[in-house]
Protein chains: 2
Amino acid sequence: MTKRSPSPEAVAAWARLMRVSRQLVEKTEDALKAGGLPPLAWYDVLHELAEAGEGGLRPFELIDRVLLAQYGVSRLLARLEAEGLVEKLPVSDDGRGQTVRITPGGRDMRRRIWAVYGASIAELMGDRLSAEELKTLATLLARLRHPPTGN
Amino acid sequence: MTKRSPSPEAVAAWARLMRVSRQLVEKTEDALKAGGLPPLAWYDVLHELAEAGEGGLRPFELIDRVLLAQYGVSRLLARLEAEGLVEKLPVSDDGRGQTVRITPGGRDMRRRIWAVYGASIAELMGDRLSAEELKTLATLLARLRHPPTGN
DNA sequence: TCCATATAGATGCAAGTGCATCGATATGGA
DNA sequence: TCCATATCGATGCACTTGCATCTATATGGA
């Protein structure tokens, strides 16, 4: 099988995507640090758990949602639990598993992170592109998803 | 100062951008690993040094180009040197500094990485969006750069 | 029932990263 | 000239991540 070459347009778009996404993450992480808040990954997990409600989520369900490896989820949950932001409950019908639920403290932390995170998004994206442009951008990016029919 | 809230469009575009960029990086890093090749960051540095030619670059010049912290560049260069992919030369007019130059082995490695990297870009971007769409995407992303007048 | 295999989640170890700081040289002003 | 300050690059230490593997439980077929 022969290796293919990307078009100049594909390379240019790739380069922009790599560079800009890293810049935006860095800016946002810096803002969180400046506010004495934990990294973005904590927000992602707390957000998913808040959405999930009282039923909580199984760790393996978090893996694809937050795009973290299995051991990454395991260790992140251990840290969140140590901070009292989530609690782990045994699950009755599967002795191997557990259910992870957000605590009131976790909801509060999620809110505090969002105050900074949301402001960062507003500044870095909302101020720079119109609503129409943002929709176009999201649509184009959606076409790059993996798997193509997924999220 | 009051914290602002991002528009739904900004949040949606942000979420897509974060998720897709991470998926693309992950896919590409996986392809490199599968080929027994080093991470993307190595390519970035080798690419910049190849572009710079025989004159090479000072480490501090690499910092902004590859979006790495000072200590990140320092240690990455040490690894590249240990692999014989770059060489460090003293610079006559500044006793603190050095010039880093790519070696033939480094150029070869760059080529080998590109065979996989380029194919990955072609598959992940070129196959999914038209040239027009790629241009639109790159243009929109460029508006998110930091600093706004920069790269 | 028993056992081979699969799945959920945790973890030891090596490698990478962030932070703070260091040593060395440069620079500019008194 | 001298010294305070700035810049270049490296590094010790703590923490995080990746990889491989482990333990424990579940499942399905003979």
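So you know, we letter chains A, B, ... as the sequences are listed, proteins then strands, and number each from 1.
Once rounded to the nearest 0.5 Å, the distance linking CG of A/D44 with CZ of A/R110 reads 11.0 Å.
With contacts defined as side-chain heavy-atom distances shorter than 4.5 Å, the pair A/R65/A/L57 qualifies. Residues A/K27 and B/H146 form a side-chain contact, since some pair of their non-hydrogen atoms from C-beta on lies under 4.5 Å apart. Inter-residue side-chain proximity for B/E83 and B/W42 is flagged as met; some heavy-atom pair is nearer than 4.5 Å. With contacts defined as side-chain heavy-atom distances shorter than 4.5 Å, the pair B/T99/B/K88 does not qualify. A heavy-atom distance below 4.5 Å is found between the side chains of A/S130 and A/E133. A 4.5 Å side-chain heavy-atom check between A/L24 and B/W14 finds at least one atom pair inside the cut-off. Considering only heavy atoms from C-beta on, A/R145 comes within 4.5 Å of B/R16 through its side chain. The shortest side-chain heavy-atom distance between B/Y43 and B/L32 does not fall under the 4.5 Å cut-off.
Contacts of A/S5 classified as side-chain hydrogen bond (donor to acceptor under 3.5 Å, both in side chains), with partners at least two apart in sequence or in another chain: none.
In the region residues 53-70 of chain B, proximity to DNA chain D at under 4.0 angstrom, judged on heavy atoms, holds for B/R58, B/P59, B/F60, B/Q70. Within residues 34-44 of chain B, no residue is approached by DNA chain D to less than 4.0 Å at the level of any non-hydrogen atom. Taking a 4.0 Å limit (strictly below) on heavy-atom distances, residues 75-95 of chain B reaches DNA chain C at B/R75, B/R79, B/D94, B/G95.
Electrostatic pairing of A/R143 and B/D127 does not count as a salt bridge here, judged by no charged N lying under 4.0 Å from a carboxylate O. In this structure, A/D108 pairs ionically with A/R111, as a charged nitrogen and a carboxylate oxygen lie closer than 4.0 Å. Classification of B/R101 and B/E48 as a salt-bridged pair fails, no side-chain N sitting under 4.0 Å from a carboxylate O.
In terms of heavy-atom proximity, B/M125 sits nearest to A/A10 at SD-O, 4.0 Å.
When the local axes at the two ends of the helix from C/dT1-D/dA30 to C/dA30-D/dT1 are compared, using 5 base pairs at each end, they differ in direction by 10° after rounding to 10°.
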Task: Test log, rule side-chain contact (heavy atoms from CB on, under 4.5 Å), inputs A/L17 and B/L17 - done: CA-CA 8 Å; A/L17 180 54; B/L17 180 54; 3.3 Å; yes

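In the 5' to 3' direction, nucleotides of DNA chain D lying under 4.0 Å from heavy atoms of chain A begin and end at D/dT17 to D/dA26.
An OP1 or OP2 oxygen of C/dA10 is reached within less than 4.0 angstrom by a side-chain nitrogen or oxygen of A/S74.
Straight-line distance from the OH atom of A/Y71 to the P atom of C/dC13: 18 Å, rounded to whole Å.
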